[in-house]
Each structure stands twice: as C-alpha cells, then as structure tokens.
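Just below is one structure, and these are the notes that go with it.
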There are 2 protein chains.
Amino acid sequence: MPDTVPSQASGLFERMRSAILTLELAPGERLTERGLEAAFAGSRTPVRAALMRLENEGLVLREGHAGRGWVVAPIDVAEIRSLAELREAVESMAVRLAVERAVDADLDAVAELLTAGGPAADEDEGLRAGSDFHVELATLSGNPLLADAVRGAMTRLARTRWLEVRTAASRAQARDEHQAIVDALRARDADRAAALVAAHIRDTNERLVHFLTAERRRLRGHGLSIVDGAPARPTRAN
Amino acid sequence: MPDTVPSQASGLFERMRSAILTLELAPGERLTERGLEAAFAGSRTPVRAALMRLENEGLVLREGHAGRGWVVAPIDVAEIRSLAELREAVESMAVRLAVERAVDADLDAVAELLTAGGPAADEDEGLRAGSDFHVELATLSGNPLLADAVRGAMTRLARTRWLEVRTAASRAQARDEHQAIVDALRARDADRAAALVAAHIRDTNERLVHFLTAERRRLRGHGLSIVDGAPARPTRAN
DNA sequence: TACACCAATTTGGTATCCCAAATCGAACCG
DNA sequence: CGGTTCGATTTGGGATACCAAATTGGTGTA
C-alpha cells in the first residue's frame with residue numbers, strides 16, 4: 001500500500017478547513033483566492049481546488065450576483081435546524097440497520113469510544129468524541145452513504161462547538177444518552193435505539209438552537225456572522 | 001437579477017455530466033484530463049473543475065494508488081442498495097415534514113407533475129418525471145438539505161434508467177404509487193405517507209437490483225462496468 | 001525465454017499569465 | 001454639494017507552461 005503522498009494541496013485544504021472549523025477564519029468573513037494564496041502558502045490552483053472542496057462541504061459559499069467572491073459560510077440557525085432533521089432521518093435509519101447487521105464486536109468497539117478518556121476528558125475531547133460517536137454509529141449500518149451523510153452533518157455543525165458552553169453535567173448527560181443507545185443496540189431493540197437516537201438529536205439540537213438565538217447578539221459582537229436564513233415554509237428554490 | 005453568465009465552465013460541466021448520465025461515457029471508462037480537454041472543448045482548468053464537481057456527485061472517481069487517473073463511476077449494485085436505504089430514510093422524513101408544513105397549493109403543484117403529459121408520456125419523460133417527483137416531494141419538507149440529499153441520490157441512480165426496461169404497466173404502477181403518496185399527504189396522514197414512500201422506494205429498488213444482477217453479464221458485454229462493491233457487513237473504512 | 005533495467009511518454013499537480021467583468025474612487029459636471 | 005462618469009484596481013475564470021512521479025515499451029543480458 002504505497003501510502004498516498006500528502007500532495008501539498010490536500011495539506012492546503014486541511015489547513016484551510018481547520019482554520020474555518022476553529023473559527024480562525026470567522027463565519028461570514030470574505031475570502032479572496034489571492035488573499036488565501038498569500039495567507040496559506042501555495043498558489044492559486046490548489047487554493048481554488050480547496051475552495052471547491054470546502055464549498056461542497058458547505059463551509060464556504062460563493063457570494064455576489066456574478067459568483068464573484070467567496071465567504072466563510074455564516075453560522076445559519078435555519079441550516080442547523082435542517083441538519084438536525086437530516087440527522088434524525090439518517091441516524092435513525094442507520095441505527096435500525098446496525099441492529100440487524102452489526103456484530104457484538106462492532107458494538108464493543110463503539111462503546112469503547114464512550115469510556116475512552118473517562119470522566120477526565122476535557123471539553124474539547126468530549127465534544128470531538130461525541131461527533132465521532134455518531135459517525136461510528138452510522139458506520140455500523142454498513143451503509144457508507146449513511147455514514148458519509150452523518151459525517152457531513154457533523155462537519156457543518158462542528159464550528160458551533162467553540163461557541164456553545166457545555167457544562168460537565170451536559171457532557172455527562174450526552175454520554176449517558178450515548179450509552180443508552182449502545183445498550184439498545186446490544187439488546188437488538190431497533191425501535192428503542194431509533195427512538196433514543198431521534199430524541200438525543202432533537203434535545204441536543206434544541207439546546208444548541210436556543211443558545212445560538214439567545215447569544216446571537218453577543219456573538220455577532222465578536223465578529224461572527226450568525227444568521228437565520230429560512231422560514232419553516234417549503235422553499236420553492238430554483 | 002443579473003442572470004448568471006453560463007460561464008463556459010458550467011457548460012463543460014453540464015456536458016460532461018450529461019455524457020456520463022446518458023452512458024455516452026461508459027461506466028468504468030478511464031478518463032484523462034487531457035483527453036477530456038480535447039473531447040469537450042475547453043482547457044484543463046475548467047475540465048478539472050468539472051471533474052471535481054462530478055467527483056462529489058459520485059459520477060467520477062479517482063483511481064489508482066497515487067490518485068492518478070479518473071474513472072467514470074461504475075454502476076455499483078451495492079451503492080444502489082445503499083442509495084435506496086438513504087432515500088428511504090430521507091424521503092420518509094421529508095414526507096412527514098411535508099404533512100406539517102406544505103400547504104394545499106404546494107401539494108397541487110406536485111400532483112400536477114403526475115398528470116402532466118398524461119399516459120402518452122414516453123418512457124424517457126416518464127422516468128425523468130418520476131425522478132423530479134421525488135425531488136419536488138422532498139422540497140415540500142421545507143428542508144433544503146433533505147431535498148438536496150434526494151436530488152443527489154436521484155442523480156446517482158439516473159444512469160440506470162437507460163438500462164432497465166420499464167413496461168407501460170410498471171410506469172402506470174409507479175404513477176399510481178406516486179398518486180397514493182400525494183393522497184396521503186392531502187389527508188395529512190404522515191404515517192401512511194411515510195409508509196407508502198418507504199414501500200415505493202423499496203419495491204422500485206428491488207426491481208432495479210434484480211434486473212441489474214440478472215443482466216449484469218449481458219450489460220458487461222456492451223462495455224459497461226457493473227460491479228457489486230460491498231458486503232452487507234459494516235465497512236470499517238479509514 | 002524470462003527478467004531486469006532504462007528512456008520516452010503520459011499523467012495529474014502546480015505555478016503563472018492573461019482576460020473580461022465588476023468594483024471602488026476620485027475627479028468632474030450640473 | 002450631490003450625482004455621475006470614467007479609469008485604475010481587484011477578482012474570479014481560463015489558458016498554458018513546467019514539473020515530478022509513474023507508466024510504458026523496448027532492449028539487452030543472463
């Protein structure tokens with residue numbers, strides 16, 4: 001297996017992506033290809049490639065009438081709500097399939113994620129693990145498309161991790177809910193597992209949305225663009 | 001509204017995409033950037049951009065250990081099965097949300113798709129309409145992410161339309177099932193609508209998969225690469 | 001005959017260069 | 001002064017030239 005050469009452009013992509021996810025590049029910030037070319041080392045071609053990849057991860061957007069200019073995707077409360085609905089659909093299905101397809105060893109591996117680091121895990125670790133847990137869970141479905149969908153959703157949600165304050169209690173609750181999901185899987189109880197997953201996603205999301213709408217003003221003051229893009233009415237796009 | 005200039009590259013993308021979807025570029029066929037540069041008019045930069053976009057629509061893949069070379073995505077029976085599961089999850093959810101959010105006028109508009117062209121619609125039209133119906137249905141959820149997911153799935157499935165033989169009877173059945181879904185929506189019966197959607201997707205998919213596995217040998221003879229990528233076991237990717 | 005080795009070619013990756021459109025200013029006119 | 005026009009600058013889109021890696025063919029040797 002001739003390990004893939006980092007290829008330099010992948011590096012650029014990773015660094016830009018990382019800069020966005022850590023809010024080093026603020027949501028709503030305008031980007032120019034030439035500016036990025038300078039900020040990160042590397043010339044325009046790989047920068048453009050990276051931008052395109054970031055675009056379809058939903059982390060950057062084209063702006064302006066004539067497609068001129070790029071923007072770091074604002075944190076969009078409407079999008080976050082939509083993501084939760086998508087996750088509920090996809091992860092519920094994934095967990096149902098996992099009940100049928102995953103063997104106990106797989107479940108053990110995922111369960112291990114929950115205890116890894118123990119209660120000593122710091123906030124950052126805890127949240128990353130939370131994200132990973134959902135992706136690993138979806139992977140157990142044996143359906144790579146479901147796993148990818150969850151991975152994509154978690155990526156789009158990742159930036160909020162730096163905003164929302166998570167208490168030790170809320171972390172513990174998340175861990176308990178994750179544990180309950182694994183237990184349901186072990187019991188091969190698809191309905192219960194799916195219901196727990198849906199409830200967990202809904203609760204987590206509700207907390208997040210409440211937080212963002214409440215703190216929107218303050219966060220904006222810190223230079224972050226937080227918008228609420230859409231009505232809950234069918235959008236007749238295109 | 002300064003209408004967007006076709007921008008040439010979009011044109012290239014559309015033409016390449018169309019060539020793939022119509023099987024003019026055969027599944028499994030190897031592509032080189034320079035070859036495409038010649039085949040379609042336009043130089044490497046836009047060709048490259050188009051390839052990247054096609055890549056994340058899942059229509060082309062990078063091949064080879066060192067990322068060298070592109071391939072028109074083979075028709076992968078395992079992927080098709082996975083797509084059906086994804087669609088079942090997403091479209092069921094979408095239809096549930098549509099029951100809550102869509103107004104009657106929206107439903108009327110979608111219902112109109114079913115009768116448009118009437119029974120005289122030829123095979124091609126009928127199938128395109130079938131695909132559009134599912135996308136429009138998902139749009140009624142008011143959740144653009146769900147609609148996008150369905151659109152993406154239908155794109156990946158689009159190539160099979162040229163392979164599978166659809167009789168007048170099967171087209172009529174599909175239309176009836178679509179009609180039944182709309183009726184359930186009109187009745188604001190979320191459970192029934194979701195169940196009908198799930199059953200419809202499952203049935204349609206089962207027929208398709210049966211057809212492909214049965215005809216795989218013959219279709220391969222025509223130069224098409226049809227594979228069955230995956231086991232139904234959780235894939236421990238990465 | 002099989003195999004190892006080398007050179008030409010091909011390929012994707014990268015770095016620039018040029019271009020037309022759009023934006024932003026400043027000078028100019030009313 | 002306010003509004004407009006014209007031009008310099010900036011920006012993304014496209015075209016090419018160059019590079020290193022890798023494939024490919026052939027050739028000469030054991």
Side-chain angles (χ1 to χ4, degrees), chain A residues 1-20 25-26 28-74 225, chain B residues 1-20 25-26 28-74 225:
Chain A
M1 190 187 78
D3 42 11
T4 314
V5 179
S7 83
Q8 247 268 30
S10 311
L12 240 177
F13 168 70
E14 292 294 349
R15 284 187 301 132
M16 286 176 57
R17 180 183 144 107
S18 170
I20 291 173
L25 290 175
E29 184 171 345
R30 298 164 95 115
L31 303 174
T32 67
E33 298 180 355
R34 281 160 170 110
L36 294 167
E37 181 180 8
F40 304 76
S43 65
R44 263 183 86 201
T45 309
V47 166
R48 289 186 72 181
L51 283 172
M52 287 193 275
R53 290 181 63 179
L54 291 169
E55 181 185 24
N56 53 29
E57 287 194 48
L59 296 182
V60 303
L61 308 170
R62 297 184 131 91
E63 107 177 324
H65 304 296
R68 207 158 280 264
W70 300 84
V71 194
V72 178
S225 171
Chain B
M1 187 191 77
D3 40 12
T4 314
V5 180
S7 85
Q8 242 270 35
S10 313
L12 240 177
F13 168 71
E14 292 293 349
R15 286 187 299 132
M16 286 177 55
R17 179 185 145 107
S18 170
I20 292 173
L25 290 175
E29 185 171 346
R30 299 169 84 127
L31 303 174
T32 68
E33 297 181 356
R34 279 160 172 111
L36 294 168
E37 180 180 9
F40 305 76
S43 65
R44 270 183 79 199
T45 308
V47 165
R48 201 152 224 281
L51 283 171
M52 286 193 276
R53 291 181 62 180
L54 291 169
E55 180 184 26
N56 53 28
E57 286 195 46
L59 296 182
V60 304
L61 307 171
R62 295 184 131 92
E63 108 176 326
H65 304 297
R68 206 158 278 264
W70 301 83
V71 195
V72 178
S225 170

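Residue numbers begin at 1 in each chain, while the letters A, B, ... track the order of the sequences.
When each of A:Glu33 and B:Arg30 is assigned the nucleotide of DNA chain D bearing its nearest heavy atom, the one mapping closer to the 5' terminus is A:Glu33.
Contacts between residues 38-55 of chain A and DNA chain D, defined by a heavy-atom separation below 4.0 Å, involve A:Arg44, A:Arg48, listed by number.
Here C:dT11 presents its C1' atom at 12 Å from CD of B:Glu37, a figure rounded to the nearest Å. The CZ-P distance, from A:Arg34 to C:dT23, rounds to 16 Å in whole Å. A:Leu31 has its CG atom 13 Å from the C1' atom of D:dT11, to the nearest Å. Between the CD atom of A:Glu63 and the C1' atom of C:dA22 there is a distance of 13 Å, rounded to whole Å. Atom CH2 of A:Trp70 and atom C1' of D:dG12 are 9 Å apart (whole Å). At whole-Å resolution of the value, CZ in A:Arg62 and P in C:dA22 are 15 Å apart.
Every residue was checked against the side-chain hydrogen bond (donor to acceptor under 3.5 Å, both in side chains) condition with A:Arg34, not counting sequence neighbours, and none meets it. Here A:Glu55 pairs with A:Arg62 under the side-chain hydrogen bond (donor to acceptor under 3.5 Å, both in side chains) rule; sequence neighbours left out.
Salt bridge status for B:Glu33 with B:Arg44: present, with a side-chain N to carboxylate O gap under 4.0 Å.
Judged by a 6.0 Å distance limit and a 45° cone about the ring axis, B:Arg15 is not positioned over the six-membered ring of B:Phe40.
The two residues B:Ser43 and B:Pro46 make their nearest non-hydrogen contact at O-CD, 3.0 Å.
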Go through B:Glu57 and B:Arg17 one step at a time and tell me if the salt bridge (charged side-chain N to carboxylate O under 4.0 Å, His left out) criterion holds.
CA-CA 10 Å; B:Glu57 286 195 46; B:Arg17 179 185 145 107; 2.4 Å; yes
